[in-house]
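Numbered from 1 within each chain, the chains take letters A, B, ... in sequence-line order.
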There are 2 protein chains.
Amino acid sequence: MEYTVQKLGLMAGISTRTLRYYDEIGILKPARINSSGYRIYGQAEVDKLQQILFYRELGVSLENIKDIVNDPSFDCLKALGEHREKLIEKRKQLDLLIANVDKSIASLERKISMTDPEKFEGFKQKIIDDNEKKYGKEIRAKYGDEQVDRSNKKFKSMTAAQYTEVEKLGADVLETLKAAMATGDPAGELAQKVADMHRRWLCFYWDHYTKEAHAGVARMYVDDERFAAYYDRMQPGAAVFLRDAILIYTGMDSQE
Amino acid sequence: MEYTVQKLGLMAGISTRTLRYYDEIGILKPARINSSGYRIYGQAEVDKLQQILFYRELGVSLENIKDIVNDPSFDCLKALGEHREKLIEKRKQLDLLIANVDKSIASLERKISMTDPEKFEGFKQKIIDDNEKKYGKEIRAKYGDEQVDRSNKKFKSMTAAQYTEVEKLGADVLETLKAAMATGDPAGELAQKVADMHRRWLCFYWDHYTKEAHAGVARMYVDDERFAAYYDRMQPGAAVFLRDAILIYTGMDSQE
DNA sequence: ATACACCTTTACGCAACGTAAATGTCAATG
DNA sequence: CATTGACATTTACGTTGCGTAAAGGTGTAT
């Protein structure tokens, strides 16, 4: 039995375009081309197409299907196993994404009270006041009144969405820091990523980033026991590790 | 504070290409363009970018992000909720896919014994023999010896992979049939899909498909109580429902 | 002859950029 | 002052798996 594109497509439940595409990428070539240039498929091609569609339904890429069906000695089981791994990984990512969306929704719902301008302003003011009480003297001594006031002003001008974002970023920094500490290498990829995230986090408060200031903050995290306590609370040595990572990140580790 | 593409990209952790792209699609336009044609971003753009990246990390499409960030009165909560629904749906699909891959792997592992040529040949021969015993007389009377022999020959020439596939397709037909019966409409979309799947299933056995033959098989499913029992076992009335769906599918429902 | 259903190739479109290539600008250096 | 190197610009192809024209040839029936 011989088939043209349409007949085969009708039989397999796919479009003629798909068949032409499969021919184009070399995954299913017709048995022959007739005198008018028509693609003619035979039984062997029907069977091969069924194999192709089988793997396609499992979400295998055509690229991989090509290898599977063109090489009869190909280890399908291994290919499917690897494919499964990829799908599992994908699902893990998706779960994470969903969890994050849930968190964000919850955070936004809490933020509804923040959307109330007065409340949110008061909320931010309280955070600034608390911060001033806790660290005010140190940071004003270190950075000067002007810097600190500018930072506070920037914080006060934050929208609710930005506040949500900075909160999340702060949490992410801690989380990634923990993972980075497990590697034990402040110069490693993960630790440098933490430093980078920390820089971005700072940028929410600073209107002007410099490596020097970043390194200065890092040193303060260790020198000031209240900052140290904040980070070490998560894991002992976290403040030191973060400082070292940031010093390397900023390139300020050699000129101590 | 003003930023060029690179400065802003560095700060936000994205590429300059991305920033140009965001400008191109109108989701983040620079505050102004300087005399040399450089894009210059201000604080407002930094903040907006942070919003954009926030939603991007949650997997929201740029198209949707555009609506969210450009319209301050936009209901973010609703958007995120809908996004969540889409993700959940995606995960459901993925779970299904993984389950199918698992099934296929299990089936392939069983097939390892089938890959043993002798065993598989014997296996297929047994199925043919069983089939001949059960339905041989009826189908030979209905379709003639030649047809039946050709069908058997095609079955015998099946590879293990094809056998796995036809088994799966057969199971899928039953499953979808069940769902279609719940709708109660043999002319409905789902029932017609069942008829289509059934046609594809037949094509594994037939080397020549005709609507007439398809309709004939459908009628036989009801007339022969052993076939009827096979389908009705799943749900009473399944054979009749399948027949009606196929008759409509083949367009043979009016010329009875 | 012509209508109509089929076939062909070529090619744009989708999403979110990566990755050149070709060219212009800015600041610093020999 | 010319050159260098790090920036900037635009244009455009590539990615995946086809859908969807457009422009034209083929096959068969009326």
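Distance CG (B:Leu19) to P (D:dT9): 9 Å, rounded to an integer number of Å. With rounding to whole Å, A:Glu24 atom CD is found 14 Å from C:dC12 atom C1'. Per the geometry, CZ belonging to A:Arg32 stands 13 Å off P belonging to C:dT8, to the nearest Å. Between the P atom of C:dT8 and the CD1 atom of A:Ile33 lies a distance of 8 Å, rounded to the nearest Å. A straight line from CD1 of A:Ile27 to P of D:dT16 spans 13 Å, rounded to a whole angstrom. To the nearest angstrom, P of D:dG17 lies 19 Å from CZ of A:Arg20. Regarding A:Leu28, its CG atom lies at a distance of 15 Å from the C1' atom of D:dC18, rounded to whole Å. Note: OH (B:Tyr21) to P (D:dT10) measures 16 Å, nearest angstrom.
Comparing atom distances between the B:Ser15 side chain and each of C:dG18, D:dA8, C:dC17 picks out C:dG18 as nearest. Candidate nucleotides D:dT9, C:dC17, C:dC6 were compared by shortest atom distance to the side chain of B:Thr18, and C:dC17 ranks first. Checked against C:dC17, D:dT9, D:dG17, the side chain of A:Ser61 finds its nearest nucleotide in D:dG17.
Side-chain contact between B:Ser104 and A:Tyr55 is absent, with no heavy-atom pair separated by less than 4.5 Å.
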Solution key, residues 11-18 of chain A side-chain donor-acceptor pairs under 3.5 Å, sequence neighbours excluded:
{"from": "A:Ser15", "atom 1": "OG", "to": "A:Arg17", "atom 2": "N", "distance (Å)": "3.4"}
{"from": "A:Ser15", "atom 1": "OG", "to": "A:Thr18", "atom 2": "N", "distance (Å)": "3.1"}
{"from": "A:Ser15", "atom 1": "OG", "to": "A:Thr18", "atom 2": "OG1", "distance (Å)": "2.9"}
{"from": "A:Thr16", "atom 1": "OG1", "to": "A:Arg20", "atom 2": "NH2", "distance (Å)": "3.0"}

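Between A:Ser36 and D:dG25 there is no side-chain polar atom (N or O) within less than 4.0 angstrom of OP1 or OP2. Look at A:Gln6 and you won't find any side-chain N or O under 4.0 angstrom from OP1 or OP2 of C:dA5. Contact annotation: B:Arg56 side-chain N/O to C:dA16 OP1/OP2 distance is not under 4.0 Å. OP1 or OP2 of D:dC18 lies within a sub-4.0 Å distance of a side-chain N or O belonging to A:Tyr22.
Residue-level contact check: B:Arg39 touches the backbone only, with heavy atoms under 4.0 Å from sugar-phosphate atoms and none from bases.
Under the side-chain contact (heavy atoms from CB on, under 4.5 Å) criterion, B:Ile248 pairs with B:Pro186, B:Ala187, B:Gln192, B:Asp253, not counting sequence neighbours.
Nearest-nucleotide positions on DNA chain C place B:Glu63 closer to the 5' end than the other of B:Tyr38 and B:Glu63. If you find the closest nucleotide of DNA chain D to A:Asn34 and to A:Ile25, the one lying nearer the 5' end belongs to A:Ile25. Mapped onto DNA chain D by nearest heavy atom, B:Thr16 and A:Val60 fall at different nucleotides, with B:Thr16 at the one closer to the 5' end.
Between the side chains of A:Gln51 and A:Asp47, no donor-acceptor pair is found at a separation under 3.5 Å. Side chains of A:Asp71 and A:Ser73: a donor-acceptor N/O pair is present below 3.5 angstrom, by distance only.
A:Arg17 contributes a side-chain N or O that forms a donor-acceptor pair with the base of D:dT20 under 3.5 Å.
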